[in-house]
Amino acid sequence: MSYKDSRLKLLSGSAHPELAAEIASCLDVPMTAASIGRFPDGEIDIKLHEDMRGSDVFIVQPTGPPVNENIVELLLIADTLRRASAGRITAVIPYFGYARKDRKDEGRVPISAKVMANILVSAGVDRVLTIDLHAQQIQGFFDIPVDHLWARTALEEAVQKLELDNLVVCSPDVGGVKLARAWATSLSAPLAIVDKRRVSGVKVVMENVIGDVEGCNVLLTDDMISTAGTITEACRILKAKGALRLVIAATHAVLCGPAIERLQNCMAEKVLVSNTIAHSGELPDNLEVVSVAPLLARAVTRIHREESVSALFNEAKKA
Ligand code: R5P
């Protein structure tokens with residue numbers, strides 16, 4: 001379906017132009033011409049080269065590393081569009097950064113995810129399209145519509161190709177059970193959970209697995225791989241408990257600090273991640289990237305046409 005004559009506009013920040021270009025190609029729309037640069041002191045300089053008046057604009061900008069740069073850029077693009085009289089501004093944020101701080105679980109800490117929601121709305125964003133929020137309740141931090149997609153629908157085909165029989169789906173911690181259960185239901189597999197204790201930002205300890213994995217192939221699922229401490233430690237304990245083949249399916253490959261080395265040396269034969277975050281350096285040999293561009297393009301189409309986005313989940317299931 002071509003949108004060449006419609007008011008649908010796709011605009012990319014500098015966080016992930018490759019993903020934006022892929023979405024544009026799926027939609028058969030050109031990218032909106034814009035210059036996004038830096039002043040000599042590092043401040044962001046933006047200029048749009050097209051009339052935006054009345055347009056239905058989708059800004060593609062995941063807020064992964066460099067997180068603060070990408071967030072401010074997104075805010076300034078939204079402000080530019082608002083002042084250029086865009087009809088509707090949708091922030092397509094495939095990876096929503098600052099999501100881990102979603103509640104005040106101890107004294108004197110921020111609720112960073114709420115701050116992000118507030119500033120996006122005050123910059124002029126009318127709706128948000130995102131994938132696998134760290135906590136689904138973050139949708140409620142926005143007083144604008146949030147369309148929330150699941151990368152599982154894109155990753156599942158790659159998992160099926162691995163032909164993992166006698167399969168158990170495992171969450172590396174209690175927080176990931178909901179996601180793991182969705183995978184388990186979809187793959188008709190039983191569920192296991194690793195008992196994780198976080199010692200620091202980069203170190204976790206795991207001693208027990210709830211559920212039986214001995215003699216089974218295991219699919220470990222998670223919303224993100226940051227330092228890869230969680231997922232690689234989970235691999236270690238699962239092997240120690242008698243698991244056979246190990247495959248990881250994680251949505252957001254943040255991959256910071258020792259992540260690359262940890263994944264390269266971990267016991268998983270395959271690490272499936274989506275491309276919600278851009279990567280330029282060398283990646284581990286066992287890592288396979290699955291594109292979420294077709295999924296996002298379908299959602300953009302539906303939002304633009306004022307059609308149901310939740311119907312997408314059923315479509316993906318049938319496919
Ligand atoms: C935890 O709640 C998340 O779902 C991830 O398991 C965690 O953020 C991954 O972090 P890392 O890779 O640094 O262990």
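Ligands are counted one by one from 1 in listed order, and the atoms in each one are counted from 1 as well.
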**Request:** Given salt bridge (Lys or Arg N to Asp or Glu O under 4.0 Å), test R38 with E69 step by step and report yes or no.
**Result:** CA-CA 11 Å; R38 296 290 182 273; E69 280 280 311; 2.8 Å; yes
**Message:** Going by side chain to side chain donor-acceptor pair (under 3.5 Å), name the pairs with one or both residues in residues 108-129, residues two or more places apart or in two chains.
**Reply:**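 As it turns out, the side chain to side chain donor-acceptor pair (under 3.5 Å) pairs with a partner in residues 108-129, which skip direct neighbours, are K114-N118, R127-D147.
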**Message:** Main chain of C256, side chain of T227: is a donor-acceptor contact present, judged purely on distance under 3.5 Å?
**Reply:** no
**Item:** Shell of residues surrounding ligand 1, defined by a 4.0 angstrom heavy-atom cut-off that is strict
**Value:**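 For ligand 1, the residues that come within the 4.0 Å heavy-atom cutoff are R100, H134, D173, K196, R198, D222, D223, M224, I225, S226, T227, A228, G229, T230.
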**Prompt:** Quick one: hydrophobic cluster around L220, which other residues, with the 4.5 Å side-chain cut-off, linked directly or via members?
**Reply:** V168, V194, V204, M206, V209, V213, V218, I225, I231, I237, L238, L246, I248, L255, I260, L263, M267, V271, V273, L283, L287, V289
**Exercise: identify the closest heavy-atom pair between Q137 and D102** =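 Of all heavy-atom pairs spanning Q137 and D102, the closest is NE2-OD2, 3.2 Å.
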**Message:** D195: which residues meet the salt bridge (Lys or Arg N to Asp or Glu O under 4.0 Å) condition with it, sequence neighbours left out?
**Reply:**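 Per chain and number, D195 pairs via salt bridge (Lys or Arg N to Asp or Glu O under 4.0 Å) with no residue.
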